[in-house]
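Note sheet for the following structure.
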Amino acid sequence: MRNLFDQYNQPENRLTHALAVCLDEDRTLLRSFLEWIAVTPTVRANALKIVEQTLPGDVPESEEVAQRKGLPDIVIHDGAEWCLLIENKVMAVLSDDQLARHERTLRRRGFEQVRRLVIEKDIKAIRQPKETSTKTWSLLYEWLGMNGGRGEWSERLRSYLRAAEVRLALENYLTEGTLTMFDGFPFSEENTYTYGEGKRLLKLAMKELREDQSLIALGMDSKAPGRPAITGRDGKAVWDFLSLADRPKDGAFTSYPHLTLAVYADHLEVAITIPNGVVRPVQKRLMKLGSEGFTTLNGKILRRAKAILSKDKDARLEAYASQRHFLSQRSSATIDAKLTFNLQTSESRGTGPVKRQPEWVKLFAELFSRKRSNIQFGYMMHLPWGTQGLDGRDSLRLIANSWCAMKPLLDLIRGVEKSERDEPLP
């Protein structure tokens, strides 16, 4: 049996080999695959032949020779008159006549019924004639996982696509587009966090969160870019941010609060970050609030977040103030001092095991009013791995609801004085 993880030099060839092996090994999967792309062969799936980087009847070529000759990526055929031509793309661009040339070659080999399929990383990149089926790698990934998976080989291919996405991103092959779709944060004691996987999942999640209507209604700018580059191969956390539409358009993102999402080794952090260099009007509103104002604000946020906090006994809402410095532009922050406290400590009555300690909110307010050094502030929802819904697509709603729970803070930042009922979010 061929090894699914054989190494090929080009991304397209690695993925081609993985797809060909899985379809060849699992004929039930092959039959379902043909149904998915709406292609009907002349014989049963068990009788079909699959060749890669060669033509039916020829001896397989080396990768270098196959590239030089321009051979098809995969051909699935009945050995007589019917075949499916598959071209897979990640980095390379499919030329206008490439499929036509492959089809003419196959017809000269006696295949009168030639069907065509293109698999790309981005649906926008696919501009093929109507008679050509078109799919993306992310749609293939989603299809493979439908209905709880389709068996051992479909899960192997899904696992390979996840690993390939991490590897190609590290190799700078996959700067745009994706091979997979977001299906939750699966980290646990058995499946421990890795920087590469955290970065992959963060990218997928942020892509979908930019289209979330509740966040757009919250004032998120869906068109604004996040971090220009998330570099590195290792780290205790990986993060990105979403800008707010009412930010100053001529300043850096550190001049206005923003929505931050961070993936840590043991938890997910959903935060509103208030940078040290935030614009003066926002500074004044926060300085004016005082400890009583922050206590009231914390109570509003806690009531809105009640349903989220109930999903895990260790989930919590915190406020923080942090002083830090960086040794270089690409280095992680060195924390010089940090205050972090559970918002429940500022409630008029203690909540469960959390006792009322108003000193923390007083100190927090004092830091705002007397700040002289470089201090970043923020509010954050701490969701440990294992929180109900975090390991599936429901995590997107958990994240969006966490930001929406902090709307009273955004109202304060924006100077919105109209009070709203602080009902819990669904």
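Quantities reported herein were computed from a predicted structural model and do not represent experimental measurements.
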Practice item. Can you label the angle between the Phe253 ring and the Phe241 ring as parallel, tilted or perpendicular, going by 30° and 60°? Key: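 Parallel: the ring planes of Phe253 and Phe241 meet at under 30°.
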
Donor-acceptor under 3.5 Å ([X] side chain, [Y] main chain):
X      : Y      : value
Arg14  : Ala164 : no
Thr178 : Thr180 : yes
Asp221 : Leu244 : no
Arg31  : Ala45  : no
Lys249 : Arg247 : yes
Asn276 : Ile375 : yes
Arg316 : Asn342 : no
Ser395 : Asp391 : no
Arg356 : Glu347 : yes
Thr345 : Phe341 : no

Close side-chain approach of [X] to [Y], heavy-atom, < 4.5 Å:
X      : Y      : value
Leu289 : Arg285 : no
Lys300 : Arg303 : yes
Leu117 : Thr132 : no
Leu268 : Leu261 : yes
Ser346 : Phe294 : no

Of the non-hydrogen atoms in [X] and [Y], which two are nearest, and what is the gap between them?
X      : Y      : answer
Glu87  : Asp73  : OE2-N, 3.1 Å
Ala205 : Phe185 : CB-CZ, 4.3 Å
Ala262 : Trp239 : CB-CB, 3.8 Å
Val282 : Pro257 : CG1-CG, 4.3 Å
Pro72  : His102 : N-CE1, 3.7 Å
Thr54  : Val75  : O-CG2, 4.3 Å

What distance separates [X] [atom1] from [Y] [atom2], expressed to the nearest 0.5 Å?
X      : Y      : atom1 : atom2 : answer
Leu412 : Leu410 : CG    : CG    : 9.5 Å
Met406 : Asn401 : CE    : CG    : 11.0 Å
Arg304 : Ser402 : CZ    : OG    : 11.5 Å
Glu197 : Arg200 : CD    : CZ    : 4.0 Å
Asp394 : Arg397 : CG    : CZ    : 9.5 Å
Leu161 : Leu179 : CG    : CG    : 6.0 Å

Exercise for review: Decide whether a cation-pi geometry holds between Lys135 and Trp36; the criteria are a distance under 6.0 Å from NZ or CZ to the six-membered ring centre and an angle within 45° of the ring axis.
Suggested key: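 The answer is yes; both the distance and angle limits are met.
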
Check your understanding: Is the Lys NZ or Arg CZ of Arg158 less than 6.0 Å from the centre of Tyr141's six-membered ring, within 45° of the axis?
Key ->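 Checked: cation-pi criterion met.
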
Under 3.5 Å, side-chain donor or acceptor atoms of residues 376-386 against the rest of the protein: list the pairs with distances, not counting sequence neighbours.
| unit_1 | atom_1 | unit_2 | atom_2 | d |
| --- | --- | --- | --- | --- |
| Gln376 | OE1 | Arg324 | NH2 | 2.7 |
| Gln376 | NE2 | Tyr320 | OH | 3.0 |
| Tyr379 | OH | Asn298 | OD1 | 2.7 |
| Trp385 | NE1 | Tyr264 | O | 3.3 |
| Trp385 | NE1 | Ala265 | O | 3.1 |

Practice item. Report the C-alpha distance between Arg393 and Glu208 in whole Å, list the side-chain angles of each, state the deciding distance to 0.1 Å, and finish with yes or no for salt bridge (charged side-chain N to carboxylate O under 4.0 Å, His left out). Key: CA-CA 10 Å; Arg393 287 187 59 80; Glu208 296 206 31; 2.7 Å; yes

[X] bridged to [Y] by N-O distance under 4.0 Å:
X      : Y      : result
Arg156 : Asp26  : no
Lys236 : Glu269 : no
Glu359 : Lys362 : no

Review point. More than 12 heavy atoms of other residues, nucleotides or ligands under 6.0 Å from NZ of Lys313: is that the case?
Key: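 At most 12 heavy atoms, drawn from other residues, nucleotides or ligands, come within 6.0 Å of this atom.
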
Review point. Above 12 or not: heavy atoms from other molecules or residues under 6.0 Å from NZ of Lys207?
Key: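 Not buried by this count: 12 neighbours or fewer within 6.0 Å.
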
Practice item. Using distance alone, with no hydrogens and no angle criterion, decide if Gln283 and Arg280 have a side-chain donor and acceptor under 3.5 Å apart. Key: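 Looking only at side-chain atoms, Arg280 and Gln283 do form a donor-acceptor pair, the distance falling under 3.5 Å.
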
Review point. Is a side-chain donor-acceptor pair under 3.5 Å present for Gln53 with Asn13?
Key: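 Yes, because at least one side-chain N or O of Asn13 sits under 3.5 Å from a partner of the opposite role on Gln53.
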
Check your understanding: Do Lys284 and Lys288 pass the side-chain contact (heavy atoms from CB on, under 4.5 Å) test, and can you show the C-alpha distance, the side-chain angles, and the key distance before you say yes or no?
Key -> CA-CA 6 Å; Lys284 288 183 177 180; Lys288 183 181 177 182; over 6 Å; no

Practice item. For Leu34 and Leu48, run side-chain contact (heavy atoms from CB on, under 4.5 Å): C-alpha distance rounded to whole Å, both residues' side-chain angles, the deciding distance at 0.1 Å, then the answer. Key: CA-CA 11 Å; Leu34 296 174; Leu48 291 171; 3.7 Å; yes

Review point. Is there a side-chain contact (heavy atoms from CB on, under 4.5 Å) between Arg115 and Leu85 once you walk through the steps?
Key: CA-CA 6 Å; Arg115 301 294 179 264; Leu85 162 65; over 6 Å; no

Exercise for review: Evaluate the criterion side-chain contact (heavy atoms from CB on, under 4.5 Å) for residue pair Val166 and Lys199; output intermediate values, then yes/no.
Suggested key: CA-CA 8 Å; Val166 172; Lys199 181 177 176 179; over 6 Å; no

Exercise for review: State which residue, out of Leu215, Thr260, Asp212, Leu409, fulfils the side-chain contact (heavy atoms from CB on, under 4.5 Å) condition with Trp403.
Suggested key: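 Only one option passes, and that is Leu215.
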
**Study point:** Derivation of the salt bridge (charged side-chain N to carboxylate O under 4.0 Å, His left out) call for Arg162 and Glu155
**Key:** CA-CA 11 Å; Arg162 290 193 292 267; Glu155 185 50 42; 3.1 Å; yes

